[in-house]
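Letters A, B, ... are given to chains in the order of the sequence lines, protein chains preceding strands, and every chain is numbered from 1.
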Protein chains: 2
Amino acid sequence: MTDRLTPRAREIVTAARALLEEAGPDRLTMRTLADRLGIKAPSLYKHFPDKHAVEVELVAQLLTETAEVLEAVEARAPGSLSALAGAYRGHALAHPHLYCLATERPLPRESLPAGLEDRAALPLLRACGGDLDLARAVWAFAHGMVVLEIHGRFPPDAGLDAAWKRGLSAFHP
Amino acid sequence: MTDRLTPRAREIVTAARALLEEAGPDRLTMRTLADRLGIKAPSLYKHFPDKHAVEVELVAQLLTETAEVLEAVEARAPGSLSALAGAYRGHALAHPHLYCLATERPLPRESLPAGLEDRAALPLLRACGGDLDLARAVWAFAHGMVVLEIHGRFPPDAGLDAAWKRGLSAFHP
DNA sequence: GTGTGTGGCTAACGCCGTTAGCCATGACCG
DNA sequence: CGGTCATGGCTAACGGCGTTAGCCACACAC
């Protein structure tokens, strides 16, 4: 479970996440990451083969947390698409840099814990009654809303709650 | 119209676009861009203040072409959401690197030709009967589908045509 | 007590965007 | 015709990036 990583490696990932969330992806640098840990950049390579491997752990964190959040919502309000969507949006907007890092590149499926991708997807699929195409469409809608919002793509005065409602009501029977 | 740029600057943007589309964003480098033009990297700064300014022109290109494509579809099949969506998807997938460059960061609204953002959005808004929230939801869905597809986020065997259909039918009356 | 692995370090390489400063060409004006 | 000046190249260099090579100190095992 957590034994994917040595304790020191976990500390590094923790620092990387803090750095990413506070300062954004541009500042997530092997040198500044090392600084935060009181070591020099080359020492990081004793724990990870390269920067990408650190980022993969952050992707796994986002996926895991997303799964947890959605599972919790599912337990509280089974079958509710809009409850799932609200939780998805909330978690993504609470961690925008992490969300983009984990989302705006190909999934490193080989390096991820087995089953994690499916686990994060299952609550939505269940809420869609097992309709894969519907689940994918809803996921695309939610992801689109989140990334467009994060990047300030909607007009500055756009009332996005209404757009979420409008989209979700379209998907809901 | 095109006098936003000097002729030489336009050549540079053309080369930048070719480089981006062929080799991806990582290879869109001031040095390799200069190489392609037979000059040295610092010479580029006689024409653009920085790399970002070159990228802004590429963003403007994508926006302009999107507007043109959607306007053409609108003329041919007025009011058809799925025709618009198909054209949007087609253009984006034909230029995936450009689409991501233009889309996965804040819009440089100040540096863009006036009215371009609105122009690209209007055909969809019209097809939605002026319903802003609906148009935003449909846009988010389409954008989500496109970026998830570009980044290989759907399972490799996913039949995405069905997901598009499912989503569009949800939005259509 | 002597290996051996662990986890630091410094120095350096080859990229990156960018700046400073130099120089050739050619247009324009007296 | 001659001087001025903008244009658009150039080289050298800076600081920052990911990364590698190679060294060293310490802890623990046999």
Worksheet item: Under 3.5 Å, is there a donor-acceptor pair linking the side chains of A:His95 and A:Glu21?
Response: yes
Worksheet item: Is the B:Phe154 ring parallel, tilted or perpendicular to the A:Trp139 ring (thresholds 30°, 60°)?
Response: perpendicular
Worksheet item: CG of A:Asp35 versus P of C:dG8: gap in Å, rounded?
Response: 14 Å
Response to the item:
Residue pair B:Lys46/B:Arg31 against DNA chain C: nearer the 5' end by closest nucleotide is B:Arg31
Worksheet entry | Spacing between A:Leu37 atom CG and C:dC9 atom P, to the nearest angstrom | 10 Å
Item to complete: Would you kindly give the CE-to-C1' distance between B:Met30 and C:dT19, to the nearest whole Å?
Response: 12 Å
Worksheet item: Is B:Arg36 reaching over with its side chain to a backbone N or O of B:Thr32, donor-acceptor style, under 3.5 angstrom?
Response: no
Worksheet item: Among all residues two or more places apart in sequence or in another chain, which pass the side chain to side chain contact (heavy atoms under 4.5 Å, CB included) test with A:Thr66?
Response: A:Leu62, A:Leu70, A:Tyr88, A:His91
Discussion item. Does C:dC9 have OP1 or OP2 under 4.0 Å away from a side-chain N or O of A:Ser43?
Written reply: yes
Worksheet item: Starting at CZ of B:Arg8 and ending at P of C:dT25, how long is that distance when rounded to a whole Å?
Response: 17 Å
Item to complete: Scan A:Leu33 against the nucleic acid and name what it touches under 4.0 Å (heavy atoms): base, sugar-phosphate only, or nothing.
Response: nothing
Worksheet item: Between A:Leu44 and B:Pro42, which is nearer to the 5' end of DNA chain C once each is assigned its nearest nucleotide?
Response: A:Leu44
Discussion item. Rounding to an integer number of Å, can you tell me how far B:Ile12 CD1 sits from C:dG17 P?
Written reply: 14 Å
Worksheet entry | Short N-O contact, A:Glu71 and A:Arg119, less than 4.0 angstrom | yes
Practice prompt. May I have the distance from B:Tyr45 (atom OH) to D:dC14 (atom C1'), rounded to whole angstrom?
Written response: 13 Å
Practice prompt. Ignoring backbone atoms, test whether B:Thr29 places a side-chain nitrogen or oxygen under 4.0 Å from the OP1 or OP2 oxygen of C:dC16.
Written response: yes
Item to complete: Give a yes/no on whether any side-chain N or O of A:His52 is located under 4.0 angstrom from OP1 or OP2 of D:dG18.
Response: no
Worksheet item: Rounding to a whole Å, what distance do you find between B:Glu55:CD and C:dC16:P?
Response: 14 Å
Worksheet item: How long is the line joining NE2 of B:His47 and P of D:dA6, in whole Å?
Response: 17 Å
